[in-house]
Protein chains: 2
Amino acid sequence: MEDREISRAVIGRLPRYYRYLGELLDEGVERISSSDLSKKMRVTASQIRQDLNNFGGFGQQGYGYNVKYLYTEIGKILGLDRTHNIIIIGAGNLGQALANYVGFEKSGFILKGLFDVNPRLEGVTIRGIPIRRMDELKAFIRHNDIEIAVLTIPKSKAEEVAGVLVEGGIQGIWNFAHTDLVLPDNVIVESVHLSDSLLELSYNISSSEKDTENN
Amino acid sequence: MEDREISRAVIGRLPRYYRYLGELLDEGVERISSSDLSKKMRVTASQIRQDLNNFGGFGQQGYGYNVKYLYTEIGKILGLDRTHNIIIIGAGNLGQALANYVGFEKSGFILKGLFDVNPRLEGVTIRGIPIRRMDELKAFIRHNDIEIAVLTIPKSKAEEVAGVLVEGGIQGIWNFAHTDLVLPDNVIVESVHLSDSLLELSYNISSSEKDTENN
DNA sequence: TAGATTGTTAATCGATTAACAATC
DNA sequence: TAGATTGTTAATCGATTAACAATC
């Protein structure tokens, strides 16, 4: 229906709005103005209003925004009005950590399967979910309506496994491998490059030290 | 010395340059032009040259960039020409996963200590490093020249623990707690909001589905 | 020298902020 | 009605891209 392209910057801020609204909701706050929210979130009120108006007019002049309503609406925008079946590929430390995190389940991301290249892990269960062999992967995606694959495997295997996921009809990949996957446009990739993040921290520390020396 | 402020966008791209240059180095590539690198990285050559020239002229007209030299120089910019002592606070699944990841060590981030609020974990070791009690934290930072703290604890405790870290004189916090820490300006915070990242993936999947329906 | 490719200036594009009329 | 605050247009700011002279 609507065709207006929403900018990457706006999309990147949506989850943060959702998070703050969720907290306000927990605190029992009923309504909030863009101005008050801007102080909490440390962004401009103008940006908040601009961002939200990409998706519709959720507020009311003279009143502000109803917290519960806005929270629900942003939830819908983020696709949280339904569940998403996910699998984790790579049952190493990180894969297991993510598998054990129940917060995702609460948001509707249901862990349906675990996979690992190591055949010795076959049958081991995490939260009752058995680790499967990679050769079952493609069929499993198809038969269990899997939407998202979490990739927690070494980069050496990532491109190859991603190929299998695409063949299986995966819609999105949450990529923790230390590489940028190049895949067809209809497959969404969201990468979490932990090392990159740590290096950015390192840069910021180093450069702030230099500032201190010079002032 | 230099005062020119480097934009956040540029800084955010540095680790990625470093990653690609490292791969080229491994492949034995000696030199590369901004144009060839731009094809590999799927950015414009113009952006690469602009970004790098924030830090100095690393290339040579008619030749391009020497891979090894550029890799080393970006490494220095990122603060990788020296080691950084780190601690992990929160020895849950994620904390343990990060503790077990040896890649960070290779980049010079040395794990010196582990801490957890759960006293029953005291003395348990990971890679030979014992888990300590929180009441040792402040002194440990001071006496062991700890620069970075990795925060893998629930958000309910994050703000409080961050306060202790600041008192101990920490320079940077790699924050995995599901909250935005508000700390003095001289303490660098780099947050990895995994849930936010997953929600962004969810949004992108949902919106691409809508596109498909309408085309 | 001729060709290649940088470093850098200028042009464009997009995102953020400011301002204010609309309206609850 | 008066006050508050949105939704939205306009102004500003910053980041990206294009272009090209400098130079290896």
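Every chain is numbered from 1, with letters handed out A, B, ... down the list of sequences.
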Write down the distance between [atom1] ([X]) and [atom2] ([N]), rounded to a whole number of angstrom.
| X | N | atom1 | atom2 | result |
| --- | --- | --- | --- | --- |
| Gln60(A) | dG7(D) | CD | P | 9 Å |
| Gln61(B) | dG7(C) | CD | P | 6 Å |
| Leu52(A) | dT6(D) | CG | C1' | 11 Å |
| Ile6(A) | dG14(C) | CD1 | P | 15 Å |
| Asn54(B) | dT6(C) | CG | C1' | 15 Å |
| Phe55(B) | dG7(C) | CZ | P | 14 Å |
| Gln50(A) | dC20(C) | CD | C1' | 13 Å |
| Glu5(A) | dG14(C) | CD | P | 11 Å |

Check every atom of [options] against the side chain of [X] and return the nucleotide holding the closest atom.
| X | options | value |
| --- | --- | --- |
| Arg13(A) | dT6(C), dT5(D), dT16(C) | dT16(C) |
| Asn53(B) | dT6(C), dC24(D), dG7(C) | dG7(C) |
| Thr44(B) | dT17(D), dT17(C), dT6(D) | dT17(D) |
| Arg49(A) | dG7(D), dC24(C), dT5(D) | dG7(D) |

>> Under a 3.5 Å cut-off for both contacts, is dG14(C) paired Watson-Crick or G-U wobble with anything, and if yes, with which nucleotide?
In response: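 Base-paired to dC13(D).
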> Does dC20(C) have a Watson-Crick or wobble mate here (both distances under 3.5 Å), and if so which one?
Replying inline: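 Here dC20(C) is engaged in a pair, and the nucleotide opposite it is dG7(D).
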> Parallel, tilted or perpendicular: which fits the ring planes of Phe109(A) and His84(A), with parallel below 30° and perpendicular above 60°?
Replying inline: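 Rings of Phe109(A) and His84(A): parallel, under 30°.
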>> Against Arg49(A), only a single residue in Ser34(A), Ser38(A), Ser35(A) fulfils side chain to side chain donor-acceptor pair (under 3.5 Å); can you say which?
In response: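 Testing Arg49(A) for a side chain to side chain donor-acceptor pair (under 3.5 Å) against Ser34(A), Ser38(A), Ser35(A) leaves exactly one candidate, Ser34(A).
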> Can you check whether Ile110(A) reaches Glu105(A) side chain to side chain, under 4.5 Å on heavy atoms?
Replying inline: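 Sidechains of Glu105(A) and Ile110(A): in contact.
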Between [X] and [N], is there a contact of a side-chain N or O with OP1 or OP2 at under 4.0 Å?
| X | N | value |
| --- | --- | --- |
| Ser46(B) | dA18(D) | no |
| Ser34(A) | dT6(D) | yes |
| Tyr65(B) | dA4(C) | no |

>> For Ala91(A), is there any backbone N or O sitting under 3.5 Å from a side-chain donor or acceptor partner on Gln96(A)?
In response: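 Side chain of Gln96(A) to backbone of Ala91(A), a donor-acceptor pair under 3.5 Å: yes, one is there.
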> Going from CG on Leu194(B) to CG on Leu194(A), what distance comes out if it is rounded to the nearest 0.5 angstrom?
Replying inline: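 Nearest 0.5 Å value for the CG-CG distance: 7.0 Å.
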